[in-house]
Amino acid sequence: MLDIKFLRENLDLVRRKMLERGQDIDLDRFSSMEAKRRNILQEVESMRSERNQASKEIGRKKVQKEDASAIIARMADVSARIKELDELLKETEDALRDVVMIIPNIPHESVAYGASSEDNPVVRTWGEKPVFDFVPKPHWEIGEYLNILDFARGAKITGARFTLYRGLGAQLERALINFMLDLHTSAHGYTEVLTPFMVNKESMTGTGQLPKFAEDLFKIEGLDYYLIPTAEVPVTNIHQEEILEEKALPIYYVAYSPCFRAEAGSYGKDTRGLIRQHQFNKVELVKFTTPETSYNELEKLTLNAEEILKRLGIHYRTVSLCTADLGFSSAKTYDLEAWLPGQDAYREISSCSDFEDFQARRASIRFRREASGRVEFLHTLNGSGLAVGRTVVAVLENYQQKDGTVIIPEALRPYMKGVDRITPAG
RNA sequence: GGAGAGAUGGCUGAGUGGUCGAAAGCGAUCGCCUGCUAAGCGAUUGUACGCCCCUAAAAGGUGUACCGCGGGUUCAAAUCCCGCUCUCUCCGCCA
């Protein structure tokens, strides 16, 4: 969430930034709630002060066996009034919170203005589109032909948007997970963590999924637990309510996790194949940094994710999301889009974001400056490194052969017991 | 699932209704002392929000809240009552 003081003092700026995002936020309601809160707070605090004074007086009189009944009677009224004001204050604070918690982050100044994803500038491109002397197939056809992806049985076991992997397909998924984790831990300096895959409401609120996006989440019936839509949630919340030492920063974490998404509102979109599933695997990169280093760290994090695609030899481009396409919590986001020849399209395979102090403020993650001893919110970042299911898609479609087999990229062979090709025989 | 014990500041740990944001010790920081180190002496040592001052911020002044979380009793709650969460021990069950 945004800083209340900043919001109060920069209403016009914030309003303008929200319009750039295509969001019409009711900031007048914020202003009135915020002013009301301060009025009540001042009144109730002065009454509490009065009561505290009187309490000391009462204590003294009691000790000295004097009569205190007059003050006690007066304080009964004051206390009753405090109780009323407390309730009003709580209502007002809740209302204020409701407003502030659904205001998105302010885009960084380097983010391009745009009206839709069409306006996302391409930052760079790596590799080239592979040339085929046949018509490349979409991955669902390849996967079914090779008997490594079974969409019908996935649907039978659970439902639409669930897939059964088999044989070398299952191995390929696992190989990719291990390849990614190994690269990020040994070459890029991340610490591997394995987290709970269900989290509570506080964690979901801390990273911004709640309260606004409840319909995108799977909730456990009868409990206040949710299936994570990304490891970002448990990993960022590792340091919830903590004050870290400046010298401990930056902190880099990498985590494998399955991700569960309700995909409400995407009916009919990407219904075939692995692109849009209710459950998919992802290796996630998360950073905690000082404010002054976070944008440099975003560049590095994005390159860390890109390195996976480079080593796999998959052509991709990096785009910077424009104001309209930016996620709720993000101040700046790069998407990596892998080339998928079977679909003749670039598709998002990673999303790397700098949240500045937006999540840190929600989750109360702070650090202490070594020089001044002062406490301030740190910056959080994260990025997919990468979405594993979509990486399988990219491998299958980019490395497909005329005979229907698929070559395994060099970098992956150590993780596939040396297997260099997937054939229908397995 | 059953039975019991516990949760206080960075840590240990006192505190069973009033002058307690909280004793004491440890740790840490600064200063003194010191050839160096150790010891010793003194001071400081949480977070949030509001107001004043100032205003770019900080510092400063002042008030309020916070002793796991939420509610209740009371003029007054770390302290009494109720609910919850978490931790530990024992029994049962289980990968």
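For clarity, every value in this text was computed on a predicted model and none was experimentally measured.
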CD of A/Glu93 versus P of B/A65: gap in Å, rounded?
14 Å

Can you list the steps and then say if A/Lys90 with A/Glu93 is a salt bridge (charged side-chain N to carboxylate O under 4.0 Å, His left out)?
CA-CA 5 Å; A/Lys90 189 175 185 320; A/Glu93 283 179 339; over 6 Å; no

Could you tell me whether a side-chain N or O of A/Ser32 sits under 3.5 Å from a main-chain N or O of A/Arg29, the two making a donor and an acceptor?
yes

Atom C1', compared across B/G4 and B/C20: separation rounded to whole Å
32 Å

Compute whether any side-chain donor of one residue and acceptor of the other, for A/Glu232 and A/Thr207, lie under 3.5 angstrom apart.
no

A/Leu41 CG to B/U62 C1', straight-line distance once rounded to whole Å:
14 Å

Atom pair distance, as rounded to whole Å: NZ in A/Lys201 and C1' in B/C69:
14 Å

Can you check the distance between B/A78 and B/U8, where both ends of the measurement are the P atom (answer in whole Å)?
16 Å

Please measure how far the P atom in B/U89 lies from the corresponding atom in B/C81, and state the result in whole Å.
27 Å

Just checking A/His239 against A/Phe288, ring centres under 6.0 Å apart?
yes

Would you please say whether a donor-acceptor pair under 3.5 Å links the side chains of A/Glu356 and A/Asn105?
no

Could you walk me through whether A/Asn52 and A/Ser49 pass side-chain hydrogen bond (donor to acceptor under 3.5 Å, both in side chains), step by step?
CA-CA 5 Å; A/Asn52 287 345; A/Ser49 178; over 6 Å; no

When pairs are called at under 3.5 Å and a stem needs at least three consecutive Watson-Crick or G-U pairs, the stems of RNA chain B are B:1-7 with B:85-91, B:10-12 with B:24-26, B:27-32 with B:40-45, B:46-52 with B:60-66, B:68-72 with B:80-84

Would you measure the distance from the P atom in B/C49 across to the matching atom in B/U34 and give it in whole Å?
45 Å

If I pick the C1' atom on B/A77 and the same atom on B/C90, what distance separates them, to the nearest angstrom?
34 Å

Any side-chain donor-acceptor pair under 3.5 Å between A/Ser31 and A/Asp28?
no

Go through the steps for A/Arg15 and A/Asp12 under the test salt bridge (charged side-chain N to carboxylate O under 4.0 Å, His left out), then give the verdict.
CA-CA 5 Å; A/Arg15 185 175 284 118; A/Asp12 291 335; 3.2 Å; yes

Between A/Arg38 and B/C51, is there a side-chain N or O to OP1/OP2 distance below 4.0 Å?
yes

Which whole number of Å gives the distance between the C1' atom of B/G13 and that of B/A24?
8 Å

Taken to the nearest whole Å, CZ/A/Phe377 to P/B/C49 is 7 Å

How far does the P atom of B/A57 sit from the matching atom of B/C52, given to the nearest Å?
14 Å

Looking at A/Arg161 and A/Gly268, what are the two nearest heavy atoms and their distance?
NH2-N, 4.1 Å

Is the CZ atom of A/Phe151 crowded by more than 12 outside heavy atoms at less than 6.0 Å?
yes

Side chains of A/Tyr190 and A/Asn304: donor-acceptor distance under 3.5 Å anywhere?
yes

Would you indicate what A/Arg37 reaches in the nucleic acid, counting non-hydrogen atoms under 4.0 angstrom: base, sugar-phosphate, or nothing?
sugar-phosphate

Please give, in whole Å, the distance from B/C49 C1' to A/Asp86 CG?
14 Å

By side-chain contact (heavy atoms from CB on, under 4.5 Å), A/Glu246 pairs with (sequence neighbours left out) A/Thr290, A/Glu292, A/Phe367, A/Arg369, A/Glu370

What is the nucleic acid contact for A/Asn52, judged by heavy atoms within less than 4.0 Å: base, sugar-phosphate only, or nothing?
sugar-phosphate

Enumerate the protein-to-nucleotides 72-76 of chain B contacts in which both atoms are nitrogen or oxygen and the separation is below 3.5 Å.
{"residue": "B/C75", "atom": "O4'", "partner": "A/Ile72", "partner atom": "O", "Å": "3.3"}
{"residue": "B/C75", "atom": "O3'", "partner": "A/Ser79", "partner atom": "OG", "Å": "3.1"}
{"residue": "B/A76", "atom": "OP1", "partner": "A/Ser79", "partner atom": "OG", "Å": "3.2"}

Rounded to whole Å, the CD1-P distance (A/Ile40 to B/C49) equals 18 Å

A/Tyr225 has a side chain; which of B/U47, B/U19, B/C86 sits nearest to it?
B/C86

Show the nearest heavy-atom pair for residues A/His278 and A/Phe218, with the distance to one decimal.
ND1-CZ, 3.8 Å

Tell me the interatomic distance from A/Lys247, atom NZ, to B/A28, atom C1', rounded to whole angstroms.
11 Å

Distance, C1' atom - from B/A65 to B/G9, rounded to whole angstrom
16 Å

Quick check for you: among B/U19, B/G71, B/C49, whose closest atom lies nearest to any side-chain atom of A/Lys90?
B/G71

Tell me which residues in residues 361-368 of chain A lie within less than 4.0 Å of RNA chain B, going by non-hydrogen atoms.
A/Arg366, A/Arg368

Within residues 42-50 of chain A: residues closer than 4.0 Å to RNA chain B (heavy atoms)
A/Gln42, A/Glu45, A/Arg48, A/Ser49

What closest approach, in Å, do A/Leu326 and A/Ala331 show between heavy atoms, and which atom pair accounts for it?
CD2-O, 3.7 Å

Tested for side chain to side chain contact (heavy atoms under 4.5 Å, CB included) against A/Ser353, the lone hit among A/Ser330, A/Ser329, A/Ser384 is A/Ser330

Measuring only between side-chain heavy atoms, which start at C-beta, is A/Asp354 closer than 4.5 Å to A/Leu381?
yes

Can you tabulate the close N/O pairs, meaning under 3.5 Å, that link protein atoms to atoms of nucleotides 52-59 of chain B?
{"residue": "B/A58", "atom": "O3'", "partner": "A/Arg374", "partner atom": "NH1", "Å": "3.2"}
{"residue": "B/A59", "atom": "OP1", "partner": "A/Arg374", "partner atom": "NH1", "Å": "2.5"}

Do A/Glu192 and A/Tyr256 have a side chain donor and acceptor closer than 3.5 Å?
no

Find the distance A/Met33:CE to B/C49:P and express it as a whole number of Å.
20 Å

Please confirm whether A/Phe197 and A/Phe260 have ring centers closer than 6.0 angstrom.
no

